[in-house]
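What follows is one structure encoded as structure tokens, with my remarks underneath.
Keep in mind that this is a model prediction, so the values were computed, not measured. What you see below is based on every heavy atom in this structure, not just the backbone, and it leaves out hydrogens, waters and symmetry mates.
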Amino acid sequence: SWIQQQTQPWLCVLTYQAPHIPYHAPPAHLHTQNLTGLTPQPNHTPQNIPFYRAMVESLDTEIGRLLATLGPGVLAATNVVFVADNGTVQRQSVAPFDGTRAKGTPYEGGVNVPLLIRGPAVQQPGREVGALVNIADVFATVLDLTGALDAAPPYVARDSVSLAPYLSDPNQAPLRDYAYSEQFTGTTWPAPNNNGYAIVRDAQYKRIHYYGSAQDRLYDLVSDPWENTNLINSSDPQVQQAAAALLAQIQGLRATGGAASAFAVFGDGGCVGSAGVPEVSGSGSPETGLGYTVQLAGAAVLKPAVISFGTSWQSYGGATLPLSLAPLGAAPGCELWASPDVLLPSVTGFTGGATRFVSVPNNGALIGETVFHSWVVVDPAAPGSASGLVATDALAVTIQA
């Protein structure tokens, strides 16, 4: 009924519970299973498989009813993404699937789930794409399909790849090298690195990395899709190389947390000085009542510099960011990525660096706000720069509690 009321483009996120506990007999008109004389049990016993199947079929029926309700015109203009959140419950799995490697486990039966997309964005429908996909990719895909992909802040790290190219181009090459999943019980950093497990796979190999006493597992999903042969102790150089690369991916994704995640550098590194591309970075505690330091490195030695404090990554003085510095005599491609609302002077040192400490007021209203910094250096020897202006990329600093 909500969809029928819409007069503008819309987005509806509909989350069905089925199939899930409690096991029950759905209304008979929603499924074709024969449940006569059967009684659903309260636990995950194989006796509930008929009820589980009835719930799955009922889900399918209800989704069909929803799509039919849209009507041919609206349906033809609507992209639909269907995705599951986990594998089948252990004791509802049937051969050839192993119930001990189903929902709640790091095996394919627990983490490899259905993903179906239909709609006007799909060219040559009815095909299967074999490229790796992570459920996080739905985020970028929805942004892309709504024309809002560029609206996401560039300083917010996200592991999301738009699937739209797969929809429009049947020959699109894989866009993701790795797919990742994890399960842990701790919620305060660094507890997630001390318990549970992390899973990462590429087009061929998959590694399960345990945080605890259990030994890691490595599988070749091309030749061993049911994960029967653990290759973690293999002496094959190719296998060892793959295992190391997968572990590096896990460690990289889980490397940061807490205050470290409050700093993010964004830009294109396109402003070159006489000593190379100068860099901006942050350290310290960007928390209310404390402070942090903004660093400059790789700039010309003993040259005038300014650090900017900004509140926006999108616009400044009516102009859209990034702002080209070419009209001020900088080299083409040299841009300011953050609004220069406040400028403070400085001088680079004997190593081409500079620092500025920023004190954060003890004001709870600042928590979650983001401040942006860039350095601009006067470097007369900068290639292609008539004015000698060279700017770093921008540093986004999110204030934390």
Side-chain angles (χ1 to χ4, degrees), residues 11-16 19 56 59-60 63 67 78-88 93 97 101-152 156-184 197-209 217-227 242 245-250 252-254:
L11 169 69
C12 177
V13 179
L14 185 58
T15 51
Y16 292 90
V56 172
L59 169 66
D60 184 66
I63 292 176
L67 298 182
T78 302
N79 291 298
V80 181
V81 180
F82 174 86
V83 63
D85 60 350
N86 51 247
T88 301
S93 298
F97 292 94
R101 294 186 168 190
K103 176 180 178 180
T105 77
Y107 295 94
E108 291 297 280
V111 299
N112 192 341
V113 299
L115 171 62
L116 302 160
I117 303 178
R118 61 150 294 163
V122 179
Q123 301 298 312
Q124 297 184 23
R127 56 188 168 87
E128 180 178 353
V129 177
L132 293 178
V133 171
N134 191 285
I135 196 170
D137 296 337
V138 174
F139 174 77
T141 304
V142 170
L143 289 181
D144 202 355
L145 293 178
T146 57
L149 191 59
D150 293 336
V156 176
R158 64 178 189 265
D159 182 20
S160 186
V161 176
S162 172
L163 306 180
Y166 296 125
L167 308 183
S168 61
D169 183 3
N171 298 313
Q172 173 64 50
L175 299 171
R176 175 183 281 282
D177 294 325
Y178 299 94
Y180 178 82
S181 185
E182 65 182 359
Q183 180 174 320
F184 54 87
Y197 51 75
I199 314 152
V200 69
R201 64 158 297 181
D202 59 20
Q204 180 172 3
Y205 294 98
K206 168 182 172 180
R207 181 163 185 158
I208 304 173
H209 180 62
R217 293 183 170 272
L218 181 74
Y219 298 101
D220 182 339
L221 295 181
V222 174
S223 62
D224 180 26
W226 298 103
E227 301 168 284
L246 294 174
L247 181 59
Q249 284 294 315
I250 293 174
L253 286 169
R254 285 189 151 201

Is it the case that the side chains of [Y] and [X] hold a donor-acceptor pair, with the cut-off being a distance below 3.5 Å and no angle test?
| X | Y | answer |
| --- | --- | --- |
| Glu182 | Tyr197 | no |
| Asp220 | Gln204 | yes |
| Arg207 | Tyr205 | no |

Less than 4.5 Å apart, side chain to side chain, heavy atoms only: is that true for Arg118 and Leu116? no
Heavy-atom side-chain proximity of Leu115 to Phe82 below 4.5 angstrom: no
Compare every heavy atom of [Y] with every heavy atom of [X], then report the nearest pair and how far apart it is.
| X | Y | answer |
| --- | --- | --- |
| Leu132 | Tyr166 | O-OH, 4.5 Å |
| Ala102 | Thr88 | CB-O, 3.0 Å |
| Gly87 | Val113 | N-CG1, 4.0 Å |
| Thr146 | Leu143 | OG1-O, 3.0 Å |
| Ser162 | Leu175 | O-CD1, 3.7 Å |
| Leu149 | Ala140 | CD1-O, 3.7 Å |

Donor-acceptor pair, side chain of [X] and main chain of [Y], under 3.5 angstrom:
| X | Y | answer |
| --- | --- | --- |
| Asp224 | Tyr219 | no |
| Asn112 | Gly109 | no |
| Thr141 | Leu163 | yes |
| Ser181 | Ile199 | no |

Take Asp137 and Arg158 through the test salt bridge (Lys or Arg N to Asp or Glu O under 4.0 Å) and record every step on the way to the result. CA-CA 10 Å; Asp137 296 337; Arg158 64 178 189 265; over 6 Å; no
Intermediate values then yes/no, side chain to side chain contact (heavy atoms under 4.5 Å, CB included), Arg201 and Leu246: CA-CA 7 Å; Arg201 64 158 297 181; Leu246 294 174; 5.5 Å; no
Quick one, Asn79 with Ile117, criterion side chain to side chain contact (heavy atoms under 4.5 Å, CB included). Give me CA distance, side-chain angles, the key distance, then yes/no. CA-CA 7 Å; Asn79 291 298; Ile117 303 178; 5.6 Å; no
Should Arg101 and Glu108 count as an ion pair when the cut-off is N to O under 4.0 Å? no
Could you go through the side chain to side chain contact (heavy atoms under 4.5 Å, CB included) check for Val133 and Val161 one step at a time? CA-CA 8 Å; Val133 171; Val161 176; over 6 Å; no
In Å and rounded to the nearest 0.5 Å, what is the [atom1] to [atom2] distance from [X] to [Y]?
| X | Y | atom1 | atom2 | value |
| --- | --- | --- | --- | --- |
| Gln249 | Asp202 | CD | CG | 9.0 Å |
| Thr15 | Asp85 | OG1 | CG | 9.5 Å |
| Asp159 | Asn134 | CG | CG | 6.0 Å |

Any chance the rings of Trp226 and Phe97 have centres within less than 6.0 Å? yes
Leu167 and Gln123: side chain to side chain contact (heavy atoms under 4.5 Å, CB included), yes or no, with the steps? CA-CA 6 Å; Leu167 308 183; Gln123 301 298 312; over 6 Å; no
